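The next block holds one structure in the form of structure tokens; read it before the comments.
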Amino acid sequence: MDILITGGAGFIGSHLAEWLVGDGHGVTVLDDLSTGRRENLAALEGSNSLVFVEGSVLDQDLVRDLVGRADVVVHLAAAVGVKLIMDEPSRSILTNINGTENVLSAAIPGRKLTLVASTSEVYGKATKFPFSEDDDLTIGATRNLRWSYACAKMLDEFMALAYARDSGLPVVVLRFFNTTGPRQTGRYGMVLPNFVQSALAGTPLTVHGDGTQTRCFGHVRDAVESVVRLMREPSAQGQVFNVANDQEVSIRGLAEQVIAATGSASEIRHVPYDSVYPVGFEDMMRRLPDVSKLERTIGFRPRRPLSEIIDDIVAEKRGSN
Ligand code: UDP
């Protein structure tokens with residue numbers, strides 16, 4: 001099959017490209033290299049199975065052309081990361097809404113199977129745990145721009161599901177939770193690569209707030225395996241899935257685990273949220289996924305433990321230091 005991955009030079013996209021080429025597929029990557037990097041695709045450099053196109057999902061003609069030639073589309077291109085969203089809110093909103101609109105409308109004529117990346121951010125401040133796909137979504141006030149990301153991604157989900165109903169477009173919505181592993185950059189705020197980098201450099205690990213907020217971290221390879229299995233599973237079409245590992249850890253606990261795994265002498269430093277984010281920033285205290293629907297549908301769920309995720313990131317960063 002020929003598979004188009006938008007955002008394929010990004011963190012998840014590049015791992016997915018490698019997996020699909022390894023499975024014998026032809027992969028076309030569309031990426032504007034805003035946050036993605038050519039080096040992420042280094043392992044596929046020179047492969048006849050990879051075509052790299054530098055361009056934007058906002059370029060309608062280009063998207064129409066590439067989608068037209070593909071059998072399946074995985075739409076990962078987006079402005080991601082809380083820091084980037086807070087730094088460039090209007091550009092992020094437009095990329096996330098118009099990019100998805102371009103991809104979906106290009107997929108309609110050939111009824112191309114399209115997997116659309118969404119995010120656990122859409123659950124927002126929900127207080128019923130764990131988060132299931134059909135739960136109500138609760139986000140904050142518009143003056144807190146953080147929520148623009150959740151809102152744009154919710155609209156992406158609505159668009160995908162509406163096109164599925166109106167035009168019979170086969171779609172699958174992927175709600176990625178905190179996905180991490182080698183190649184994730186800390187530049188846009190993601191906590192684990194930042195902690196590992198600090199631990200290896202012997203500088204303080206900065207924990208926002210008191211560190212009792214929790215997250216569930218999934219290994220990127222587990223996320224990619226989930227995507228590949230969902231792509232092959234007809235009963236997944238028209239559905240929304242949490243793509244996540246459900247082992248929960250506090251951010252303070254995460255910092256302690258990184259220090260132990262690296263043998264670092266770094267200290268853990270707590271910093272108030274308003275020293276890192278604009279005033280009015282709201283963090284999520286807990287984010288716990290229900291992954292039973294994913295497992296029921298594809299017979300697989302992300303299970304790689306946090307210790308393995310940390311070790312893989314440490315090995316990568318040690319190698320590049
Ligand atoms: N965080 C932290 N130190 C950092 C980066 C992030 O304490 O250097 C916290 C952040 O405030 C949040 C959690 O770690 O509570 C996860 O942050 P990340 O940006 O990785 O993901 P998200 O907020 O989207 O879950």
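Keep in mind it's a predicted model, so treat the numbers as computed, not measured. Counting starts at 1 for both ligands and their atoms, in listed order.
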Tell me, please: is [X] in heavy-atom contact with ligand 1, that is, under 4.0 Å?
X: His270; answer: no
X: Tyr188; answer: no
X: Arg287; answer: yes

What atoms of ligand 1 come closer than 4.0 angstrom to any heavy atom of [X]?
X: Met190; result: 20 (O)
X: Val207; result: 7 (O)
X: Ile251; result: 7 (O), 13 (C), 14 (O)
X: Tyr273; result: 11 (O)
X: Arg146; result: 23 (O)
X: Thr206; result: 2 (C), 3 (N), 4 (C), 7 (O), 8 (O)
X: Asp283; result: 11 (O), 12 (C), 15 (O)
X: His208; result: 1 (N), 2 (C), 3 (N), 4 (C), 5 (C), 6 (C), 7 (O), 8 (O), 9 (C), 10 (C), 11 (O)

Practice task
Could you tell me whether Val191 and ligand 1 have an N or O pair separated by under 3.5 Å?
Solution key: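 For ligand 1, there is an N or O atom that lies under 3.5 Å from one belonging to Val191.
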Practice task
Before signing off on this row, confirm whether Gln213 and ligand 1 have an N or O atom pair separated by under 3.5 Å.
Solution key: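 Looking only at distances, the answer is yes, because the N/O contact criterion of under 3.5 Å is met.
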Handout entry: Common cluster, Leu174/Leu161, ILVMFWY with side-chain heavy-atom separation under 4.5 Å
Key = no
Do the charged groups of [X] and [Y] touch, with an N to O distance under 4.0 Å?
X: Arg303; Y: Asp222; value: no
X: Arg269; Y: Glu267; value: yes
X: Arg146; Y: Glu121; value: yes
X: Glu18; Y: Arg183; value: yes
X: Arg301; Y: Asp246; value: yes
X: Glu225; Y: Arg229; value: yes

Exercise for the section: For Glu88 and Ser92, test the side chains for any donor-to-acceptor distance below 3.5 angstrom and give the result as yes or no. Expected result: no
Exercise for the section: Take Thr114 and His75 through the side-chain hydrogen bond (donor to acceptor under 3.5 Å, both in side chains) test and state the conclusion after the steps. Expected result: CA-CA 7 Å; Thr114 305; His75 175 46; over 6 Å; no
Practice task
Would you mind finding which of Met284, Arg215, Gln184, Glu121 brings a heavy atom closest to atom 23 (O) of ligand 1?
Solution key: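 Minimum heavy-atom distance to atom 23 (O) of ligand 1 goes to Arg215.
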Fill in the blank from the handout: Min over Ile85, Asn178, Leu254, Thr212 of heavy-atom distance to atom 21 (O) of ligand 1 lands on Asn178
Could you list the donor-acceptor pairs under 3.5 angstrom formed by side chains in residues 190-204, with sequence neighbours left out?
unit_1	atom_1	unit_2	atom_2	d
Asn194	ND2	Gly186	O	3.0
Asn194	ND2	Met190	O	2.8
Ser198	OG	Asn194	O	3.0
Thr203	OG1	Ser198	O	3.4

Exercise for the section: Identify, for atom 5 (C) of ligand 1, the protein heavy atom at the shortest distance, and state residue, atom and that distance. Expected result: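 Nearest protein contact, heavy atoms only, for atom 5 (C) of ligand 1 is Gly189 O, 3.3 Å.
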